[in-house]
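Structure first, then comments.
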Protein chains: 4
Amino acid sequence: MSGNTIGSLFAVTNFGESHGPAIGCVIDGCPPGLSLCEADIQTDLDRRRPGTSRHVTQRSELDTVAILSGVYEGKTTGTPICLLIKNTDQRSKDYGNILETFRPGHADYSYLHKYGRRDPRGGGRASARLTAPMVAAGAVAKKWLLEKYGTTFRGCMTQIGDITIPFESWEHVAGNPFFAPVADVSGLETYMDDLRKAGDSCGARIRVTASGVPVGLGEPLFDKLDADIAFAMMGINAVKGVEIGAGFASVTQRGSTHGDALSPDGFKSNSAGGVLGGISTGQDLEVSIAIKPTSSIITPRESIDTAGQPAVVVTKGRHDPCVGIRATPIAEAMLALVVMEHALRQRAQNADVQVNTPDIMRKRG
Amino acid sequence: MSGNTIGSLFAVTNFGESHGPAIGCVIDGCPPGLSLCEADIQTDLDRRRPGTSRHVTQRSELDTVAILSGVYEGKTTGTPICLLIKNTDQRSKDYGNILETFRPGHADYSYLHKYGRRDPRGGGRASARLTAPMVAAGAVAKKWLLEKYGTTFRGCMTQIGDITIPFESWEHVAGNPFFAPVADVSGLETYMDDLRKAGDSCGARIRVTASGVPVGLGEPLFDKLDADIAFAMMGINAVKGVEIGAGFASVTQRGSTHGDALSPDGFKSNSAGGVLGGISTGQDLEVSIAIKPTSSIITPRESIDTAGQPAVVVTKGRHDPCVGIRATPIAEAMLALVVMEHALRQRAQNADVQVNTPDIMRKRG
Amino acid sequence: MSGNTIGSLFAVTNFGESHGPAIGCVIDGCPPGLSLCEADIQTDLDRRRPGTSRHVTQRSELDTVAILSGVYEGKTTGTPICLLIKNTDQRSKDYGNILETFRPGHADYSYLHKYGRRDPRGGGRASARLTAPMVAAGAVAKKWLLEKYGTTFRGCMTQIGDITIPFESWEHVAGNPFFAPVADVSGLETYMDDLRKAGDSCGARIRVTASGVPVGLGEPLFDKLDADIAFAMMGINAVKGVEIGAGFASVTQRGSTHGDALSPDGFKSNSAGGVLGGISTGQDLEVSIAIKPTSSIITPRESIDTAGQPAVVVTKGRHDPCVGIRATPIAEAMLALVVMEHALRQRAQNADVQVNTPDIMRKRG
Amino acid sequence: MSGNTIGSLFAVTNFGESHGPAIGCVIDGCPPGLSLCEADIQTDLDRRRPGTSRHVTQRSELDTVAILSGVYEGKTTGTPICLLIKNTDQRSKDYGNILETFRPGHADYSYLHKYGRRDPRGGGRASARLTAPMVAAGAVAKKWLLEKYGTTFRGCMTQIGDITIPFESWEHVAGNPFFAPVADVSGLETYMDDLRKAGDSCGARIRVTASGVPVGLGEPLFDKLDADIAFAMMGINAVKGVEIGAGFASVTQRGSTHGDALSPDGFKSNSAGGVLGGISTGQDLEVSIAIKPTSSIITPRESIDTAGQPAVVVTKGRHDPCVGIRATPIAEAMLALVVMEHALRQRAQNADVQVNTPDIMRKRG
C-alpha cells in the first residue's frame with residue numbers, strides 16, 4: 001500500500017537508500033523446492049551493476065547479494081527470502097547543493113512536499129540504485145519460470161538518443177555495454193563519448209520480451225497482464241512511455257491488419273504483443289519502453305532553492321549519461337516479476353481447467 | 001486479486017457481462033458527507049453511452065444508473081456505494097459463429113484457454129461495455145476531488161487513424177461526437193464514413209489531463225503515480241500504449257532540455273507530465289494513450305475454430321468503427337480513480353506533514 | 001481496505017444497508033466450471049432468514065437471492081458473481097428515537113464519531129442483516145469445497161444464556177429453531193419464552209466445524225488459518241470471543257496432554273482444533289464462539305442523546321431475543337469462506353509439492 | 001498474501017528463521033518525521049528476549065536490533081524501515097530427531113505437508129523467535145501512537161496453568177519475570193520450578209489493553225477493529241483463544257447488563273472492551289488471550305516418523321516451560337500494530353469528519 005511491495009502472490013518488498021548501509025528485498029510466496037543460491041542471482045546483478053564501462057556511472061559497487069532467509073540446504077522453503085546487498089562506495093560529499101535546491105527532472109521537489117523531508121544522499125530512496133534488488137528478485141522469478149514452463153526473458157536497446165539500432169541478433173546483446181543487438185557498436189560509442197564531453201545526457205528505447213509464456217495469464221478487467229506490465233515498466237526510474245505489441249503504431253493501423261489472424265499452426269502475426277483481452281495468448285510478450293535522458297548533468301540548470309529563490313544547479317557526482325543503458329536487465333526483471341505473479345494467480349483460480357481445443361501455441365500453463 | 005477490483009482505499013469492484021441482466025460496481029472507501037445522487041453520475045455515463053451518433057455502435061442503451069447503497073439523505077455515508085446499470089438492448093443472436101471460432105484481435109482465444117469456458121454473448125466480460133461502471137465510479141471520484149482540491153479532469157482525441165487533430169480549444173470537445181478539440185470536424189466525419197463503408201476500423205490517440213492535482217501524490221518505488229496511471233490506462237479495452245508527459249519523445253531529448261526548469265513562479269515546462277520520482281508535482285498530469293482499431297469488423301478474417309480447423313470469421317452485430325471515439329470519458333474516469341486513490345493514501349501516511357518551502361504550484365493537498 | 005471485502009483470491013465484497021433497496025455481494029475469484037444456480041444458495045439463506053420461529057425477529061424477509069453475473073449456462077465462468085437480495089419489509093418508523101440517542105451496546109456512538117453521520121434505519125450498515133450476503137457467498141464456497149475436496153461444514157448451538165446444551169447428534173440440529181444438537185428443545189423454548197416476556201435478551205455459544213479439510217492450508221506467520229478464522233468469526237455481529245480446539249481450556253492443560261499424539265492411524269486427539277503452526281493438519285477444524293446478548297431490548301436503558309444530555313433508550317421494533325440463534329449458518333459460511341480462500345492460496349504457491357510421507361489424514365489438497 | 005506481511009498502510013513484512021543468519025522485518029508506511037533510533041526499539045525487545053530468568057529458555061540472544069533504512073538524521077523519512085536482528089546462539093545439534101519425526105503439538109507435520117520440506121533447525125520459520133521482529137515493529141507503532149494520540153499499551157499475565165493471578169497494580173508487572181501484576185510472585189516461582197522439574201509445561205492467560213485510543217477506528221463489516229485484533233492475537237504462536245471485553249462471559253449475560261450504559265461523563269462500564277460495531281468507542285481496548293502449554297517438553301511423547309511408523313519423541317534443547325511468560329510484550333506489540341493500521345486508515349477516509357456531538361471520551365483521532 002505504501003508502494004514498496006510489488007505483487008501479491010509473489011510479493012517483493014524493497015527497502016533501502018542509495019547511501020544507507022544496505023539495500024535489499026524480501027520475496028514472499030516463492031514456491032518451495034526451487035534450487036537457489038547467490039550465484040543464481042548474481043549473474044543478473046552483474047549485468048546491471050555500475051562501473052562496468054566508461055558509458056555508465058563510475059560508482060564502484062560490486063552489488064554482492066546475500067541470501068538471509070528462505071533457503072535451506074540449497075532449496076527454497078516457501079517462506080520469505082530476504083536478499084541483502086550492502087552499499088560500499090557511498091561518497092555523499094559529491095552531491096553539492098542538492099539539499100538546498102531542487103534539481104530539474106529529479107524527485108527532490110515532489111519528495112520534499114510529500115514527506116516534509118528527504119534523504120538527499122545520492123537520491124536517497126529515489127535513486128535508480130534501488131533497481132538492484134528488483135533485478136535480484138527478478139532472477140528468482142526467471143529461474144522458477146524457466147524450470148516450470150520454459151519461459152525465457154530477453155531485452156535489448158533499440159534506440160539511444162537520435163540513433164535507431166536495428167535488430168541483428170540476440171547474440172550480440174551480451175557483447176557490448178549498450179545491450180545493443182548489433183555486432184558493431186562503434187557508432188554508439190562515439191555518440192556517447194561526444195554526449196559525455198558535452199556534459200549532457202540522452203534518452204533511450206528498450207525492447208523486452210518473454211517467450212514460452214503459458215496461455216491464460218492475466219485477469220479480465222483490471223489486473224490485465226498488459227496493465228500489470230505497464231505498471232511495472234512505468235515504475236522503473238525514468239520511464240515515460242510503455243507499448244505492448246504494435247503500441248502507438250496501432251493508431252494508424254486498420255482493424256483488418258491489426259487483428260492477428262490465426263491458423264492451425266498458430267498466430268500469423270503479433271500486433272497484440274502476446275496479450276488479448278488482458279490475458280496471455282502464448283505468443284511472445286513484446287514490450288517497448290521510453291526512458292528519459294538522465295537528469296543529473298553537469299550543464300548548469302535554472303531552478304529554485306528551498307526558500308523559493310532562484311538558484312543554479314550543477315549536478316556533480318558520478319552519473320550515467322544515459323540511464324537507459326543499464327535499463328535492459330531491469331526491464332527483464334520487472335517483466336519476469338509480472339509473469340511470475342500471474343502464473344501463480346492462474347493456478348490458484350484455474351488449476352482444474354481442461355481445454356479440449358488444440359493449443360496452437362503448445363504452451364499452456 | 002482476481003482482477004475485478006481497482007484501488008485499495010477507494011476500491012471499485014466491477015461486475016457483469018455485456019448481455020447479462022445488469023452491470024455495475026461497488027465503491028468501497030468513499031469519504032462520507034459527499035453530496036451524491038444519480039444525476040451526478042449520469043452526466044458522464046451519457047458522454048460514454050452508445051448510440052449517440054452514426055460513428056459509434058447503434059446498440060441502444062440508456063445506461064441509467066441506480067444507487068443501491070451507501071447514500072443516505074443525499075450524502076455518502078462512508079459505506080459501500082453499489083451502482084447498478086441494467087442491460088436493456090441485448091441481441092445475442094447477432095453474434096453469429098462467435099462461439100465456435102476465435103475472432104482475430106478478440107479475447108476469445110485467451111479467455112477460453114484461461115477459464116475453459118466463456119460467455120460469448122457480446123464479448124461477455126471482455127466487452128467494452130464494462131467500462132460503463134468505471135465511468136460511473138470515476139464520476140464519484142471526480143466530484144469529491146473537485147470539491148476537496150479543485151481538481152478537474154479533461155480529455156480529447158488527438159488523432160484518429162491517419163488524421164492528426166490539432167488542439168484548438170477544450171471548449172470544442174463537447175460539441176462533436178469525436179471529443180475532438182476542434183471547431184470543424186467535417187474531415188473526421190468524412191474519414192469515418194468512408195471507413196465504415198469499407199467495413200473496416202481504425203485506431204485513435206487520446207489525451208487526458210488533470211489540473212489542480214495536489215502535490216505529493218504517489219508512492220516512491222512501485223505504486224508511483226505514473227505507474228498506477230499506466231496500469232489504469234493500459235487496462236482500458238484496446239489500449240496498446242501509454243505515455244506520461246514527453247513520453248516516447250523523451251528518447252531523443254537531451255537532459256538539458258527534458259528536465260523542467262523551476263522558477264519562483266513555477267515550473268517552466270512540463271516534460272515530466274506532472275510526475276517526478278513517481279510523485280505528483282502539482283503540475284497538470286498529462287497522459288496520452290494509443291487505442292487499437294476495433295477488432296469487430298465485417299471484413300472476413302482468417303482464423304480457426306475451436307477444433308483447431310481453419311475458419312473464416314465475419315463479425316456482424318453493432319460495433320464501433322473506432323472504439324477510441326468513446327474512450328475519452330473512460331480515460332478521464334480511470335485517471336480520476338487513480339488520483340482519488342492516491343489522495344486518500346497521501347493523507348493516511350502524510351497528513352501531518354508541514355512544508356515550509358513555498359509551494360510554487362500552490363496546490364498542496 | 002475499507003473493510004467491506006473479505007478474502008483476496010476468493011474475494012467477497014458486501015454492500016447494502018438494512019433498510020435500503022437491496023443488499024448483496026460480489027464474489028471475485030470463484031473457479032470456473034462450478035454448477036451454480038440460485039437454489040444452491042437459497043438453502044443456506046433460508047436457514048438464516050428471519051421470521052421462521054417465535055424465537056427470532058418477526059421481520060418478514062424472504063431473502064430471495066438473484067445471480068446477476070458470473071454464471072453462464074448454469075456454470076460459473078470465473079468472472080465476478082454478483083448476488084442481489086432485495087429488502088422487502090423495511091419499517092423504519094418502528095425505530096423510535098434512534099437517530100437522536102445512542103443505544104447501549106449498539107454501534108450508534110462509534111459510527112457517528114467515525115463517519116460524522118449514519119444511516120439509522122434498522123441499524124443501517126451495522127445491522128446483522130448484512131450477514132445474509134455472507135451466507136450466500138459461503139454457500140458458493142461450500143459447494144466448491146465439497147465437490148473438490150469433500151469438505152463439509154456443520155455448526156450447532158452449545159449454550160444459550162445459562163443453559164449448556166449437550167451434544168447428542170448432528171441430526172437434531174435441523175429439527176429445531178435453535179440449531180441445537182438435541183432431540184428435546186422444550187427447555188430451551190421455555191427459557192426463551194420467559195426471557196422474551198421479561199423484555200430482555202441473552203448470549204449464546206456456537207460451535208462450528210469443518211471436516212475433510214485438506215492438509216497444508218494456512219500461511220506461516222500472519223495469515224495463519226486459525227488467525228483468519230478468528231478474524232472471520234470475531235467479525236460476525238455480536239461475537240466477543242473465539243476459540244480454536246481446546247481454546248481457553250488449554251490454559252490449564254499440561255504440554256504432555258495438550259499436544260495431540262500421532263499414530264500411524266492418525267492423530268489421537270484434537271486439542272489443536274485442526275491447526276498446527278497456523279496450517280491445517282487435515283483434522284476437523286473445531287471453532288467455538290461467544291455471542292453477546294442482543295442489544296436491542298425493550299427494557300429502558302440509561303444513555304445520552306447526541307447533544308450529550310442524559311436520555312433513556314427503549315428499543316422497539318422487531319428484534320431477536322438472542323442473536324446467537326441465527327448465528328450458526330453465519331458462522332458456517334464464514335468458516336467456509338476462510339477455508340476456500342486458503343485452498344486457492346495453497347495451490348497458487350504449492351501446487352507442485354509432492355510429499356512422500358504417508359498422509360495419515362488422507363486428505364491432502 | 002503469502003502470510004508474512006501484516007497490515008496494509010502500516011505494513012510489516014517479517015522474514016527469517018530461528019537458526020538462519022538473521023531475522024527481521026520491513027515496515028512500510030510509517031509516517032515521516034518520527035524520531036527513531038535503535039534504543040527506542042530495544043527496550044521492548046529486551047522485555048521479550050530469552051535468557052532473562054530461569055523460567056524461560058536459556059538460549060542466549062541479545063536480540064540487538066539495527067535500523068538499515070528509512071531513518072535519516074534520526075527521523076523517519078516515510079520510506080521502508082528495515083530492522084535486522086542477527087541470530088547469534090544457534091545450536092542446531094540440540095534438536096535430536098526432529099527432522100525424522102513429527103513432534104506432537106508442533107508444526108512439523110503441517111509444514112512438511114504444505115511445503116514438501118521444512119527447515120527443522122529450532123522450528124525454522126514456525127519458531128516463536130519470529131515474534132522478535134514483531135515486537136520491534138510494534139515499538140515503532142507504539143511510539144508514533146503515543147506521540148500523536150497519547151495512546152498507551154499495557155499487558156500482564158492473569159493466569160498461569162492452574163493459578164489465577166489477581167490484578168493488584170500495573171506497577172508490579174515490570175518487577176517480575178512473569179509480567180504478573182502482583183507484588184509477590186513466590187507462588188508462581190514455586191509452581192514453575194515444580195513444573196520444570198517434572199519435565200512438563202503449562203498454558204497461560206494474558207491480558208492486554210490500550211488506553212487513549214481514538215474513537216472511530218475500525219471498519220464496518222470485515223476489518224472490524226476487534227476482528228483485526230482477533231486475527232493478530234490468534235496469529236501469535238500458541239494462542240488458542242481470544243476475547244474482547246466480556247468475551248465468553250457475555251454468553252450468560254443479559255442484554256440489560258451487557259450493553260454499556262452511557263452518561264454525560266462517559267460509558268459506565270466496558271463489557272464491549274472498547275469496540276462497538278467493530279469501531280473503537282474511545283474506551284480502553286480490553287483483550288484476553290489463551291496460550292497453550294509449550295509443546296517442546298522432555299517428557300517422551302507418542303508420535304510417528306516421516307515414514308509413518310510409530311516413534312517416540314523427546315524434545316531436548318532449551319525451551320520455555322510456559323511460552324505464555326514472554327507473550328505479554330508480544331501481545332502488546334500486535335495490538336499496537338492493529339491500532340496503528342487503523343489510525344492511518346481512519347484518516348485516509350475520514351480526515352474531514354467533524355462531529356458536533358460531545359465526545360464523551362475526549363479522545364477523537
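In what follows, chains are A, B, ... by sequence order, proteins preceding strands, each numbered from 1.
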Q.
With a 3.5 Å distance limit and no angle check, can you tell me whether A:Gln42 reaches the backbone of A:Val65 through a side-chain donor-acceptor pair?
A. yes
Q) Should A:Met134 and A:Leu337 count as side-chain neighbours, where that means a heavy-atom distance under 4.5 Å? A) yes
(Q) Between A:Arg118 and chain D, with a heavy-atom cut-off of 4.5 Å, which part of the residue counts as in contact: side chain, backbone, both or neither? (A) backbone
Q.
So that I know where these two stand, are A:His106 and A:Phe102 an aromatic pair - ring centroids less than 6.0 Å apart?
A. no
Q: Could you tell me whether a side-chain N or O of D:Glu341 sits under 3.5 Å from a main-chain N or O of D:Ser8, the two making a donor and an acceptor?
A: yes
Q. Who wins among D:Cys82, D:Gly3, D:Cys30, D:Ala66 for the most heavy-atom pairs under 4.5 Å with chain A?
A. D:Cys82
Q. Is it the backbone or the side chain of A:Leu84 that comes under 4.5 Å from a heavy atom of chain D, or both, or neither?
A. side chain
Q. For chain D, which of A:Gly33, A:Gly116, A:Gly7 has the most heavy-atom pairs under 4.5 Å?
A. A:Gly33
Q: Heavy atoms only, distances under 4.5 angstrom: which of A:Phe10, A:Phe15, A:Tyr72 has the most pairs with chain D? Name it, please.
A: A:Tyr72
Q | Beyond-backbone contact of A:Trp144 with A:Leu344, side-chain heavy atoms, under 4.5 angstrom | A | yes
Q | Greatest number of heavy atom pairs closer than 4.5 Å to chain D - which of A:Ser69, A:Gly124, A:Gly70 | A | A:Ser69
